[in-house]
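Structure first, commentary second.
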Amino acid sequence: YTRISKLFKGIQSSGNLIVQSKEGEVHATAPAGSHALGINSTRTFTEFYNLSQDSSFKRTSGGKQIVEVSGNASTSGVTQSYSYFLAADGSLFSTGFNANGELNDSTLTTTRLLKQVNNFGTIRGETVIEVNTTPQNAYFVTCSNKMAVAGDNTNGQQGTCNTNTSNNAV
């Protein structure tokens, strides 16, 4: 039994459910095949699993307090899911499916471990205060009121006056 204080946005669409406990820890359930938890595993979690206490999650997040999570999945489902984890100090971590560069890490490589991504693209060195995701894009707002986006831009959906897809925030 986990006492919940916050239900994180967007994750439910990928089959994952990520919540914050009253104690401030991050817990998740997930179907098999999910890449979006940052724990180097794709196993099934039918009961809440404490991500905050997972050794891979703790190591790659530096043990930082996670205050917001946003994630999504393509229409292909959970095997193409990804997530962002925002820490209290503004550090931003991503994990999961990355075919369109939606992880903002200068690659198109899928990963099952958290990777800090504040140091790429136009959000380099910025403190991110909000992140939102769609099936193929991630959007960021920084404390200096900059907005950036990473991911698919085939139809110009990034609002950058072109159709160039970016694996770095633009």
Side-chain angles (χ1 to χ4, degrees), residues 6-20 26 28 30-31 33-40 42 51 57 60-62 64-170:
K6 185 174 190 175
L7 176 65
F8 291 115
K9 64 184 174 190
I11 300 298
Q12 299 82 5
S13 62
S14 65
N16 301 328
L17 176 61
I18 301 179
V19 299
Q20 187 174 45
V26 179
S34 175
H35 290 85
L37 299 181
I39 59 171
N40 202 24
T42 58
L51 297 177
F57 192 91
T60 56
S61 69
K64 295 181 178 184
Q65 174 68 44
I66 301 300
V67 295
E68 190 62 60
V69 179
S70 186
N72 221 303
S74 74
T75 55
S76 298
V78 70
T79 58
Q80 294 186 7
S81 58
Y82 72 101
S83 296
Y84 277 88
F85 294 82
L86 180 60
D89 69 354
S91 298
L92 184 64
F93 302 91
S94 65
T95 185
F97 188 71
N98 196 30
N100 297 296
E102 53 268 68
L103 294 184
N104 190 48
D105 67 353
S106 295
T107 76
L108 298 176
T109 305
T110 295
T111 181
R112 292 189 308 237
L113 291 172
L114 294 180
K115 185 178 208 179
Q116 188 166 355
V117 294
N118 292 67
N119 49 348
F120 295 101
T122 58
I123 62 170
R124 179 186 308 273
E126 295 276 341
T127 299
V128 174
I129 57 172
E130 188 172 347
V131 62
N132 201 356
T133 55
T134 67
Q136 297 177 333
N137 291 292
Y139 298 85
F140 317 98
V141 176
T142 69
C143 65
S144 60
N145 297 317
K146 289 182 184 175
M147 186 183 140
V149 60
D152 182 52
N153 196 32
T154 306
N155 300 303
Q157 61 267 43
Q158 291 183 353
T160 56
C161 298
N162 63 51
T163 55
N164 301 326
T165 292
S166 175
N167 57 10
N168 282 324
V170 293

Do [X] and [Y] have side chains that approach each other closer than 4.5 Å (heavy atoms only, starting at C-beta)?
X      : Y      : result
Asn137 : Glu102 : no
Glu130 : Glu68  : no
Asn98  : Asp105 : yes
Leu51  : Phe85  : yes
Thr95  : Tyr82  : no
Val128 : Tyr84  : no

Could you walk me through whether Thr111 and Leu103 pass the side-chain contact (heavy atoms from CB on, under 4.5 Å) check?
-> CA-CA 9 Å; Thr111 181; Leu103 294 184; 3.8 Å; yes
Please step through side-chain contact (heavy atoms from CB on, under 4.5 Å) for the pair Tyr139 and Val131, ending with a clear verdict.
-> CA-CA 6 Å; Tyr139 298 85; Val131 62; over 6 Å; no
For Asn40 and Leu113, indicate whether the former's side chain and the latter's backbone hold a donor-acceptor pair under 3.5 Å.
->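 Not a single qualifying donor-acceptor pair exists.
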Indicate yes or no for a side-chain donor-acceptor contact from Gln136 to the backbone of Gly101 under 3.5 Å, with no hydrogens or angles considered.
-> no
Go through the steps to decide whether Leu37 and Ile18 satisfy the test side-chain contact (heavy atoms from CB on, under 4.5 Å), and finish with yes or no.
-> CA-CA 9 Å; Leu37 299 181; Ile18 301 179; 3.8 Å; yes
Between atom [atom1] of [X] and atom [atom2] of [Y], what is the distance when rounded to the nearest 0.5 Å?
X      : Y      : atom1 : atom2 : value
Ser106 : Lys115 : OG    : NZ    : 7.5 Å
Asn145 : Met147 : CG    : CE    : 12.5 Å
Thr127 : Lys146 : OG1   : NZ    : 11.0 Å
Ser144 : Ile129 : OG    : CD1   : 8.5 Å

Heavy-atom closest pair, residues [X] and [Y]:
X     : Y      : value
Ile66 : Val69  : CG2-CG2, 3.9 Å
Ala99 : Leu108 : O-CD2, 3.6 Å
Ala36 : Ser83  : O-OG, 3.0 Å
Thr60 : Gly38  : OG1-O, 4.3 Å

Can you list the residues that meet the side-chain contact (heavy atoms from CB on, under 4.5 Å) rule with Ser91, with sequence neighbours excluded?
->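 side-chain contact (heavy atoms from CB on, under 4.5 Å) check on Ser91 returns Lys64, Ala87, Asp89, Phe93, Gln116, Asn118.
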Inter- and intrachain pairs under salt bridge (charged side-chain N to carboxylate O under 4.0 Å, His left out), touching residues 132-144, at least two apart |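 Applying salt bridge (charged side-chain N to carboxylate O under 4.0 Å, His left out) to every pair that reaches into residues 132-144, excluding sequence neighbours, yields nothing.
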Show your working on side-chain contact (heavy atoms from CB on, under 4.5 Å) between Phe57 and Leu114 and close with a plain yes or no.
-> CA-CA 7 Å; Phe57 192 91; Leu114 294 180; 3.5 Å; yes
